[in-house]
Amino acid sequence: MTQRAIEVDTLRKEFKSYSSRSGLAGAFRDLFTRNYKVVPAVNDISFTVNQGEMVGYIGENGAGKSTTIKMLTGILTPTSGKIIVNGMNPHKQREQFVQTIGVVFGQRSQLWWDIAVQESFRLLKKVYKVTDEQYDDHMNHVIKTLDIEPLLDKPVRKLSLGQRMRCELAAALIHNPPLLFLDEPTIGLDVLVKLKIREFLKEINEKYNTTILLTTHNLTDIEALCDRVIMLDEGSIIYDGALKHLKENLGDGKELQFQFLEKVDLQAVKALTTGMPVKWALDEKEHIFTANVEDHDELVSMLIAKIVANYKIKDIKINETSTEEIIRNIYEKGAVEVG
Amino acid sequence: MFYVSMFFQYLSQYIKTRLQYRTDLFVEFFSDLLSQAINLIFILVVFGHTDLLSGWSRDEIIFIYGFFLVPFAVFSAFFNIWDFNERYIVKGELDRILTRPIHSLFQIILERLELESLLGGITGIAVMLYAGSRLGLTIEWYEPILFIVFVIGGALVYGGIFIMLACISFWADARTSLMPMMYNISNYGRYPVNIYNKLIRFVLTWILPFAFAGVYPAAFFLEKKEWYWYSFLTPLIGIIFFVLSVMLWNQGVKKYRGAGN
């Protein structure tokens, strides 16, 4: 029953770049013979995305995210491999294909700079051959949810970044595409706008079963929206699966922080918990005792019980390893081993 | 026709944008008008000193120049792609173009309309009428029609050549300084080609056929029978070059590498 929105098989994109030799003599030699180097920006990746999924596509700068998105949207021609998006070959059937996708590039505007937002919408409506009924039915709702009604008669150049991004998002949805590509949609936005955009994306995903592929450096976006992440490093996929799974398997346990009412000796605390797999550390300045334990429910409660029984406590904090830390760890190791 | 309706949609958008800046619009209109007037005086002064050039009289040369201004104005109004590399490749604007369901070249032409350039065409027609009346030329019923056909042909020649030049950006990374050079070469097409040596004449006829936007079609209205053959080639050459340039463009888009973020 589930339909494939994106099917990618051993997709590869190589860029030819040349390295220049040093010095003036080198520059002259470059004039005649250049040292070409073929660099694969995307290195034989394969994945599929089903209709209605929200997928986070993450990776460091230069990992090949943008290149992949550009191949999926038909902007770039792949060097080799197969792409089928919405049942079409993006580059070969470009004009027909782009009718079925919406694209938001966070750093580039889809709207006309000098004219009012609604004029841009009107032109895009004609470009995508959207009928008045379809437009009214769909866009009135979009405009209301994104709260851009008061912005419609203002020229784009007078909008703030947050206002513009909401208009961009609306513009990408004029033809109500079943697949939406978002490249850094929340870059530079304040928290309120970010929340509004997230809410909105969830809503259209539920309402229209829209597939969303999202690239961002902001992992809270991914955590809030995506069940699945695809992680890219140097052109290869190093992880593809549930975000939860990644956290459970790679989270380095929990961190407990204690602050006591009276002065407590670190050695005494250590002595109290001998036999438990706990690593203690003390922040001398703030008098915060930090215990690193493995993520094991009983162990945490046992530890807390023991401490509480012996000392008067001012404050306890339990911290989970953040996604950001997990991902940093992965990149440092360079690979993911999920059990 | 979707593309015709899109043309008018973008046209109305263009007019709205222009009307946004009222003062700007007036200032620009007057400065355009002024520069056209200066242009006109300049032509008359410069050509005032020439008498006869390889069998062409002063008024005939002025007439050719006047004719040239018309297809050139049409070209400038519709094929405003001299900064294609910088604007669309380096800044990556082509990404946006390519995610819309209209042919990419057509979109760029629509986005970059600059209809005020058409004013130059009025100057051109004025120059032709002035020179024509001094030469005692009469206007036959079919001549306005042929005039339009030749103007479109000449504009397509220009458009084709400059589109091909823009296509270089798809293959080469570096910015090319070919555009200004080409504008210079195109200037040669404004004058009777038989004043040049054979090689330049060959280039201006078959390789970079700028002569088809100036002397060749104009020769028809000057009733120079020995050039008629070339005159009637104008629309054909225009179409051939334009079609070639669009084919090259389509190939080039496949080679587009995109700009990094």
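We name chains A, B, ... by the order of the sequence lines, and we start the count at 1 in each one. Note that the coordinates shown come from a computational prediction; the quantities given were computed from them, not determined experimentally.
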Under 4.5 Å heavy-atom distance to chain A, tell me which part of [X] shows up: side chain, backbone, both or neither.
| X | value |
| --- | --- |
| B:L94 | neither |
| B:S5 | neither |
| B:Y3 | side chain |

Practice task
Below 4.5 Å from any heavy atom of chain B, which atoms of A:S109 appear? Answer side chain, backbone, both or neither.
Solution key: backbone
Handout entry: Proximity breakdown for A:W112 and chain B, heavy-atom pairs closer than 4.5 Å
Key = side chain
Completion exercise
Note: B:F2 and A:V127 closest approach over all heavy atoms is CZ-O, 3.5 Å
Practice task
Would you name the heavy atoms of B:D95 and A:R108 that are closest together and state the gap between them?
Solution key: OD2-NH1, 2.9 Å
Out of curiosity, [X] [atom1] to [Y] [atom2], how far, rounded to the nearest 0.5 Å?
| X | Y | atom1 | atom2 | answer |
| --- | --- | --- | --- | --- |
| B:I102 | A:K126 | CD1 | NZ | 12.5 Å |
| A:E95 | B:H103 | CD | NE2 | 6.0 Å |
| B:Y256 | A:H91 | OH | NE2 | 10.5 Å |
| B:T99 | A:K70 | OG1 | NZ | 11.0 Å |

Problem - Short side-chain to backbone donor-acceptor contact, B:T17 and A:D114, under 3.5 Å - result: no
Counting heavy atoms not belonging to [X], are there more than 12 under 6.0 Å from its [atom1]?
| X | atom1 | value |
| --- | --- | --- |
| B:W249 | CH2 | yes |
| A:Y128 | OH | yes |
| A:E234 | CD | no |

Handout entry: Check: B:P101 and A:K129 side chains under 4.5 Å, non-hydrogen atoms
Key = no
Fill in the blank from the handout: Most heavy-atom pairs under 4.5 Å with chain B, out of A:I115, A:L124, A:L123, belong to A:L123
Exercise for the section: Starting from the C-alpha separation in whole Å, work towards a yes-or-no answer on side-chain contact (heavy atoms from CB on, under 4.5 Å) for B:Q13 and A:R122. Expected result: CA-CA 10 Å; B:Q13 208 71 278; A:R122 192 153 65 192; 5.7 Å; no
Handout entry: Choice from B:Q9, B:E93, B:R100 maximising heavy atom contacts with chain A below 4.5 Å
Key = B:R100
